[in-house]
Amino acid sequence: MANFASKRLAKELSKINNSLPPGIELVSADNFEEWLLDIKVLDENPLYKNETYRLKFKFSSSYPIEPPEVTFVKTTDRPIPIHPHIYSNGIICLDLLGQQGWSPVQNVESVCMSLQSMLTGNTKNERPPGDEEFVRGNRLRPRDIDFYYHDNTV
């Protein structure tokens with residue numbers, strides 16, 4: 001991994017180990033390539049009440065110039081949240097995670113907080129249109145998908 005990316009991630013990890021906002025917990029960060037964090041929605045949104053979701057961050061050697069690849073991961077006790085911008089395979093359609101919406105001032109903590117906020121504001125108990133076809137046919141990594149961001153109301 002590039003020296004700059006490693007330094008930046010070491011700095012972020014140090015901050016994360018000292019304090020994270022409520023509802024965000026570091027699960028593992030054994031290296032600077034992949035981290036797992038859990039997030040909870042803190043308000044009383046009935047869609048996500050009492051649920052904890054697992055996020056996987058994958059970093060390239062170009063981080064933070066390039067966004068991390070962030071997906072929800074399903075485990076026995078961590079479902080994929082139902083949301084109009086989250087596919088059932090955990091891929092997230094969010095401009096912040098794409099080249100156009102990403103900024104190097106963002107970090108792991110701010111991405112987690114953005115996803116918490118995205119879930120908090122959701123009122124639709126549905127997957128994105130075409131979820132089944134997308135999940136069945138997609139062979140691209142999330143970073144290589146050219147999403148069309150047309151609905152920022154959810």
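- For the pair Gln99/Pro67, a side-chain contact is recorded, criterion being any heavy-atom separation below 4.5 Å from C-beta on.
- Closest of all the heavy-atom pairs between Leu13 and Ala29 is CD1-CB, 3.6 Å.
- For Asp131 (side chain) and Ser88 (main-chain N/O), a donor-acceptor pair under 3.5 Å exists by modelled atom type.
- Hydrophobic clustering (ILVMFWY, side-chain heavy atoms < 4.5 Å, transitive): Val108 and Leu96 are in one cluster.
- Using a 4.5 Å heavy-atom threshold, the side chains of Tyr53 and Leu115 count as separate.
- The structure places CG of Leu26 at 10.0 Å from CZ of Phe57, a figure rounded to the nearest 0.5 Å.
- For Thr75 (side chain) and Arg78 (main-chain N/O), a donor-acceptor pair under 3.5 Å exists by modelled atom type.
- Side-chain atoms of Asn122 never come within 3.5 Å of backbone atoms of Pro84 as a donor-acceptor pair (strictly under, hydrogens ignored).
- With rounding to the nearest 0.5 Å, the separation of OG1 in Thr71 from CG in Leu55 is 7.5 Å.
- Donor-acceptor pairing under 3.5 Å is lacking for the side chains of Thr52 and Asp38.
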Practice item. Report the C-alpha distance between Lys56 and Val70 in whole Å, list the side-chain angles of each, state the deciding distance to 0.1 Å, and finish with yes or no for side chain to side chain contact (heavy atoms under 4.5 Å, CB included). Key: CA-CA 6 Å; Lys56 177 168 57 172; Val70 183; over 6 Å; no
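- Residues Ser61 and Ala5 come closest through the heavy atom pair O-CB, 3.6 Å.
- Summarising the geometry of Tyr63 relative to Arg8, their closest heavy-atom pair is CE2-CG, 3.8 Å, with the distance given to 0.1 Å.
- Legend: side-chain hydrogen bond (donor to acceptor under 3.5 Å, both in side chains) pairs involving residues 111-120, not counting sequence neighbours: none detected.
- To the nearest 0.5 Å, atoms CG (Leu20) and CD (Glu25) are separated by 9.0 Å.
- Put simply, the side chain of Leu47 does not reach to within 4.5 Å of the side chain of Ile82, judged on heavy atoms.
- Between atom NE2 of residue His83 and atom CE of residue Met118 there is a gap of 4.0 Å, rounded to the nearest 0.5 Å.
- Side chain of Arg54 to main chain of Leu37: no donor-acceptor pair is present (N/O by atom type, distance under 3.5 Å, no hydrogens or angles).
- We find the CD1-CG distance between Ile92 and Asn89 to be 10.0 Å, quoted to the nearest 0.5 Å.
- Glu109 and Ser19 make their closest contact through OE1-O, 4.3 Å (heavy atoms, listed as atom of the first residue, atom of the second, distance).
- For the atom pair CD1 (Ile80) and NZ (Lys74), the distance works out to 7.5 Å, reported to the nearest 0.5 Å.
- Trp102 contributes no side-chain N or O that, together with a main-chain N or O of Pro68, makes up a donor-acceptor pair within less than 3.5 Å.
- A 6.0 Å sphere centred on CD of Glu132 holds no more than 12 heavy atoms belonging to other residues, nucleotides or ligands.
- Taking 4.5 Å as the limit, every side-chain heavy atom of Ser28 sits out of range of all side-chain heavy atoms of Trp35.
- The shortest side-chain heavy-atom distance between Pro81 and Glu51 does not fall under the 4.5 Å cut-off.
- Tyr48 places none of its side-chain heavy atoms less than 4.5 Å from the side chain of Ile39.
- Annotation: side chain of Ile24 is in contact with side chain of Met113 (closest heavy-atom distance under 4.5 Å).
- The closest donor-acceptor contact from the side chain of Ser14 to the backbone of Lys11 lies at 3.5 Å or more, if one exists at all.
- Remark: side-chain polar atoms of Glu12 are not paired, donor with acceptor, to backbone N or O of Asn107 under 3.5 angstrom.
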